[in-house]
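Down below is the structure, laid out as structure tokens.
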Amino acid sequence: MGQKKKESLNFIEQLIERDVKEGKFIKIQTRFPPEPNGYLHIGHAKSICLNFGLAQKYGGECNLRFDDTNPEKEETEYVNSIKEDIRWLGFDWGPSAYYTSDYFERLYQFAVRLIEKGSAYVDELSAVEFNKLKGSPTEPGKESPFRNRPIEENIKIFEAMRLGAFQDGERVLRAKIDMSSPNMHLRDPILYRIKHLAHHRTGSKWCIYPTYDFAHGQSDSIEQITHSLCTLEFEVHRPLYDWLIQQLEIYPSKQTEFARLNLSYTIVSKRSLRELVEGHYVAGWDDPRMPTISGIRRRGFTAKSIRKFTEIIGVARRNGITDVALLEHSVREDLNKTAHRIFGIMDPIKLIITNWPLDYQEVMMAENNPEDKTSGTRELPFTRELFIDRSDFLEDPPSPKKWFRLGPDREVRLKKGYIIKCTGFKKSENGEVVEIYAEYDPNTKSGQDMSGKKVKGTLGWVSAPNAVSAEIRMYDRLFLTENLDKIEDDFKTHLNPDSLTINNKAVLEPSVRHAQVGDQFQFERIGYFRVDEDSHYGKLIFNRTLALRDGWNKRNN
RNA sequence: UGGCCUAUGGUGUAAUUGGCAACACGUCUGAUUUUGGUUCAGAAGAGUCUAGGUUCGAUCCCUAGUAGGCCAACCA
């Protein structure tokens, strides 16, 4: 049927389609190259969806490659969490993951080839001298006195480096390019450094390790990556990326940069996230307030909504800051269609239906999700004593046009139950309302209401004798500042002190008794919640994923 | 005394590659609603950073300027 408006392509898709048209390759090959030194976050999700998504869209493949060239920081723990997160996001990297460390021998041979061409040399400057000669962006550098060592000697020393003849830092292998280049990365960049450290995969086999610049592009080339996508800050590396491939005469992978994701009220820097974890500002990498994939998963954001989000924000070369509202919208959109509804009362107050028989219980039926007719129904016991939310009653409410809820002599519907009229309330000696009294209208039963009565307000409720209590962890944004990129001081001073409040008085309808870890619900009129893994026998713990949009609160704040 | 990149409503992206700026989110109305949710209808909001130039015509091409970002780790 009617073709929708022609979809517009982002600049990378345009590039790919142009390349396809020109017949540059058989099929596209992308890769997602995380360094296994931390947990993946929402920013990585953008890259994952981009790389895997492009491969899917154009019938190519996307490799998962662990960029593990620095044994100082990398650990197997991270390899596993990264795999889990990518799988959860819904992507598949085929039969096996790749590791830059698997290429160490080939990379070493590449280095030898470069030396043989006279395009690399062993330097023995101290770090201080090295930096002095490097110059600055506005001042050209100077050549090292070791720059013109004979090729044979370079090869011998490089071999000796591999064999462990030197201590860390005593020698480095450098590319011989141009010490006066305005691009700092072309001023004889370091290709290999000595680190007498065990590597998480190669153990103690190596004591020299390639740097990013000498590992990444070469690994791309080995895997015949057609489109090597990375973030903007690697732009200045591209001339070096190309230079090395050209010198080595290997497969010409092409690097294309795009803007990384910045989110309002959110910090997405591995270093800062680590600081939050190690300083115990949060409970761990998977704390539901963290923007890590594991954190937002635990919080209750769905993989589908993350994918949708990355689609919505697109990809470009402009650096900006994305409003978290876009993310939250994607999450609500998905959850609205999938989450079963239940009644939950965050701040219970007793409501007594005075004209209801003392021990009588009636079972009401409610659909699990009005947005999904196949979702089935559940039973709700209705009794004389109920709980409603304290915020749904006002002793002296504004006009009925402004306030739809309960107040003296006001009528509301108890959703899926009856219309009730407030007949009174009881206060404790310190003036707090402790009980509300009402009468129900037997002609107004949900689904068979013949009364013709119209009420504006509809309240959630829970049968008091059947109520299930639970711990509700109310999460809010971790930071109070919108743009954390712009701050001058310590980012931790911008933490929201109320990012987590724990509610232990909440009561839920009895149907949740069977809820399992990972189950997600919409507490009607409140928000989306997910059963946390900290739950245990006899105690349900819920994380608030997000509050529902609230037009009323907005108007009245 | 530098080099590279970027600049479109509040935010993120579009604009058939030169034909008087579109979509999503957000905001605001109104309708519907047994969730102040959802859904539906509608509105406001940019004349495309500035100044020149090329052109019949510029968001798009050129020049200069301005603003922002990135670059001097034996990190990635």
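Worth saying up front: this structure is predicted, and the values here are computed from it rather than measured. Order of the sequence lines sets the chain letters (A, B, ...), proteins ahead of strands, with each chain counted from 1.
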When only distance counts, do a donor and an acceptor, one from the side chain of E235(A) and one from the base of G69(B), lie under 3.5 Å apart?
-> no
Should T69(A) be listed as having a side-chain N or O under 4.0 Å from OP1 or OP2 of A76(B)?
-> yes
Under-3.5 Å donor-acceptor pair between R332(A) side chain and U38(B) base | no
So, is R193(A) close to the A76(B) phosphate, meaning a side-chain N or O under 4.0 Å from OP1 or OP2?
-> yes
Please determine, for A22(B), whether a Watson-Crick or G-U wobble partner exists with both distances under 3.5 Å, and give it or none.
-> U13(B)
Mind checking E35(A) for me? I need base, sugar-phosphate or nothing, with any heavy atom below 4.0 Å counting as a touch.
-> sugar-phosphate
Phosphate OP1/OP2 of G3(B) contacted by R238(A) side-chain N/O (<4.0 Å) | no
Touch check for F234(A), heavy atoms < 4.0 angstrom, all strands: base, sugar-phosphate only, or nothing?
-> base
For the side chain of Q522(A) and the base of U35(B), is some donor closer than 3.5 Å to an acceptor across the two?
-> yes
Base of G36(B) paired with side chain of R405(A) (donor-acceptor, under 3.5 Å) | yes
Between R413(A) and D323(A), the residue closer to the 5' end of RNA chain B by nearest nucleotide is D323(A)
Would you give the length of the straight line joining atom CG of D102(A) to atom CZ of R65(A), rounded to the nearest 0.5 angstrom?
-> 11.0 Å
Establish, with yes or no, whether the OP1 or OP2 oxygen of G36(B) is under 4.0 angstrom from a side-chain nitrogen or oxygen of R525(A).
-> yes
Using a 4.0 Å heavy-atom cut-off across all strands, classify Q14(A) as base, sugar-phosphate, or nothing.
-> base
Base, sugar-phosphate, or nothing for P370(A), non-hydrogen atoms under 4.0 angstrom?
-> base
For R341(A), answer base if it contacts any base atom (sugar-phosphate contacts may also be present), sugar-phosphate if it contacts only those atoms, and nothing otherwise; contact means non-hydrogen atoms under 4.0 Å.
-> base
Considering every strand shown, what is the Watson-Crick or G-U wobble mate of U33(B) when both distances are under 3.5 Å?
-> none
Polar pair under 3.5 Å, donor/acceptor by atom type, side chain T322(A), base U11(B) | no
Using a heavy-atom cut-off of under 4.0 Å over every strand shown, decide if G551(A) touches base, sugar-phosphate, or nothing.
-> sugar-phosphate
On RNA chain B, check which nucleotide each of Q448(A) and H329(A) is closest to and give me the residue with the more 5' one.
-> H329(A)
Should the pair R201(A) and Y99(A) be classed as cation-pi, given the thresholds of under 6.0 Å to the six-membered ring centre and 45° from the axis?
-> yes
Give one of base, sugar-phosphate or nothing for I190(A), where a contact means two heavy atoms less than 4.0 Å apart.
-> base
Complement of A67(B), any strand, by Watson-Crick or G-U distances under 3.5 angstrom = U6(B)
Base orientation of U17(B), syn vs anti, 90° cut from 0 | syn
Hey, does the side chain of K415(A) come within less than 4.0 Å of G37(B)'s phosphate (OP1/OP2), counting only N and O?
-> no
The single option from T458(A), L351(A), I419(A) passing side chain to side chain contact (heavy atoms under 4.5 Å, CB included) against L414(A) = L351(A)
